[in-house]
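To start, the structure itself, in structure tokens.
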Amino acid sequence: MRYYDDFPVIKNNPDLVYLDSGASSLKLQSVIDKMNEYYTKYGVNVHRGVYQLSYIASDEYEETREVVAKFLNAKTKEIVFTSGATSALNLVARSLSEHINEGDEIITSVLEHHSSVMPYQEICKNKGAKLIYVPLDKKGNLTVENFKKVLTDKTKVVALTLMSNVLGNTTPIKEITKLAHEKNAIVVADGAQAVPHMKIDVKDLDVDYLAFSAHKMLGPTGLGVLYGKYKELNSLNPIEFGGDMNDNVELYDSTFKEAPYKFEAGTPKIAEVIAFKEAIKYLEKQDLNKIYEHDYELTQYAINKLKAIDGVEVYATESSCGIVSFNIKGIHPHDASTIYDEKGIALRAGHHCAQLITKWLGVTGTLRASIYLYNDYSDIDKLIEATVVACEYFKEWII
Amino acid sequence: MSSMNELYRQVIVEHFKNPRNKGLKNTDEYTKLRLKNPSCGDDVTIEVKIKDHHIEEIHHEGTGCSICCSSASVMSEVVKGKDIEEVQEVIEDFYNLIKGEDVTDEERLDEAMAFGGVAQFPARMKCAILAWKALGTILAGKSGEEDV
Ligand SMILES: Cc1ncc(COP(=O)(O)O)c(C=O)c1O
């Protein structure tokens with residue numbers, strides 16, 4: 001087993017078939033070791049101390065910012081640490097809302113995770129702005145053609161996912177961003193599913209903001225990243241105030257630091273940030289392009305095998321990578337999920353915090369197998385075997 | 001598949017395929033409550049007609065997994081005709097059954113005893129109790145719509 005030593009959960013659960021990385025990936029031993037190193041060797045606060053240990057902690061913390069920046073082809077000062085993709089997406093939306101007025105339009109899609117669309121629902125309700133959905137094509141893909149149909153002079157913000165967490169399909173964000181910028185709209189990309197699987201170059205894509213979570217890419221829980229193009233990022237006002245983000249504090253007014261620091265109020269996730277660079281280093285060593293190829297191949301293999309089973313409905317497209325959603329026709333996903341659980345296969349059943357797309361599919365939920373670098377063909381074969389058994393088991397139920 | 005069969009006992013599958021007392025009357029004589037579990041999509045509406053401190057009629061309607069739907073059907077048969085206070089005891093007993101704890105009166109739970117296997121599947125407990133919770137909420141004097 002190639003990954004046996006790298007992922008302690010695999011080591012401790014040798015029979016586990018883990019197909020739920022879309023919810024959270026397994027964590028690297030080196031990440032855990034690095035967190036331990038922080039807690040046991042120099043576990044003090046950052047940016048504040050005037051003594052040796054605090055310098056070490058601060059350096060380790062800031063080094064991760066550099067590693068993340070390089071990973072995305074961004075500048076170091078363009079990287080903000082948050083508590084997750086959700087808080088990163090909320091941060092941008094809340095900060096941008098100052099610039100949204102009545103009659104403005106915000107474009108999003110039904111592919112979004114709740115965290116990428118709900119913040120804009122709130123803004124639209126409060127400001128009298130309009131939330132506009134890009135229509136999907138028949139397969140569930142977001143196309144440039146359809147984006148053109150909804151882009152107008154009133155478009156202020158375009159908030160789209162790079163990869164759906166239900167269909168696994170990718171968004172042609174580079175072309176969309178180019179068109180959006182012609183209308184001076186801001187593009188906020190949700191990279192929570194895409195960043196773990198594919199090489200993302202923010203300069204090349206030219207998006208204004210990108211959000212993702214460390215725990216979906218081998219890193220620690222409770223940590224996310226917001227990338228923001230510096231000019232845009234620094235023009236936003238913070239939404240949280242307190243220690244470390246301020247410059248000069250007077251009785252009735254204070255000044256803030258420049259980005260990214262003005263967005264990191266209070267003691268940050270020190271151990272998590274310090275350890276996160278180990279995850280990125282590992283992903284770079286494994287090579288994101290190879291990871292993409294591997295994940296894409298396994299995903300398409302699973303899609304084809306599932307489609308070949310009579311009674312299985314698959315919700316995926318030719319661009320799906322890392323995610324396969326499906327149902328056994330006539331059987332609620334929670335009923336089906338019990339069979340997988342019994343066979344030691346970890347997958348997810350439900351709406352995956354993306355009710356708009358499950359509604360679009362016309363289902364209450366789906367089964368979802370998600371795939372990452374440590375999965376192999378034998379995992380998929382076990383998934384297929386269990387699905388055949390499940391179809392057989394539930395056959396007599398279908399009314 | 002032993003624990004699958006432990007969960008999906010014949011009674012449960014049978015009620016799922018042929019639900020009893022399904023379909024709402026929606027008249028003034030009934031008190032109605034809709035209970036949803038947004039995290040999984042289970043969605044049950046229960047309506048009851050109470051007369052002389054007894055449940056004279058009870059109907060259910062909704063969408064969800066087999067455990068949820070069949071539990072509503074079984075419940076409707078178990079509680080129909082019973083005194084309200086007794087029904088409240090039966091509901092308590094059913095909760096205990098689902099939690100894997102001792103029940104005071106197995107005979108009174110009747111076919112609902114088939115849900116005993118759910119105790120081994122923590123993820124499914126909410127499915128099993130949704131309809132019972134809706135009924136309990138009605139008996140506590142509420143109606144309308146709620147999320148669990
Ligand atoms: C596409 C997408 N966006 C955003 C999120 C939110 O991530 P988190 O829960 O880590 O904040 C998720 C996680 O499920 C996701 O899949």
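Nothing here was measured: the structure is a model prediction, and the numbers come from that model. As a basis for the values below, the full set of heavy atoms in this structure was taken, side chains included, without hydrogen atoms, waters or symmetry mates. By convention in this document, chain letters (A, B, ...) are assigned in the order of the sequence lines, proteins followed by strands, and residues within each chain are numbered from 1.
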Answer whether the closest heavy-atom distance between the side chains of B/Val13 and A/Phe394 falls below 4.5 Å. no
Check: B/Arg124 side chain, A/Thr338 main-chain N or O, donor-acceptor pair, under 3.5 Å: no
Atom NE2 of A/His334 and atom CZ of B/Phe121: how far apart are they, to the nearest 0.5 Å? 14.0 Å
For the NZ atom on A/Lys130, are there more than 12 heavy atoms of other groups (residues, nucleotides or ligands in this structure) within a distance under 6.0 Å? no
Just verifying a value: how many Å separate B/Leu7 CG and A/Asp335 CG, rounded to the nearest 0.5 Å? 8.0 Å
Does atom CD of B/Glu106 have more than 12 heavy-atom neighbours, drawn from other residues, nucleotides or ligands, at distances under 6.0 Å? no
Counting heavy atoms not belonging to B/Glu145, are there more than 12 under 6.0 Å from its CD? yes
Under 4.5 Å heavy-atom distance to chain A, tell me which part of B/Asp43 shows up: side chain, backbone, both or neither. neither
I need the contact set between residues 60-75 of chain B and chain A: heavy-atom distance under 4.5 Å, sorted by residue number. B/Gly64, B/Cys65, B/Ser66, B/Ile67
Heavy atoms from other residues, nucleotides or ligands near CG of B/Asp147 exceed 12 (cutoff 6.0 Å): yes
NZ/A/Lys305: more than 12 non-hydrogen atoms of other groups inside 6.0 Å: no
For atom CE of B/Met125, is the number of surrounding heavy atoms from other residues, nucleotides or ligands below 6.0 Å larger than 12? yes
For atom NZ of B/Lys142, decide whether the heavy atoms of other residues, nucleotides or ligands shown that lie under 6.0 angstrom number more than 12. no
Surrounding NZ of A/Lys27 (heavy atoms of other residues, nucleotides or ligands, distance under 6.0 Å), is the total greater than 12? yes
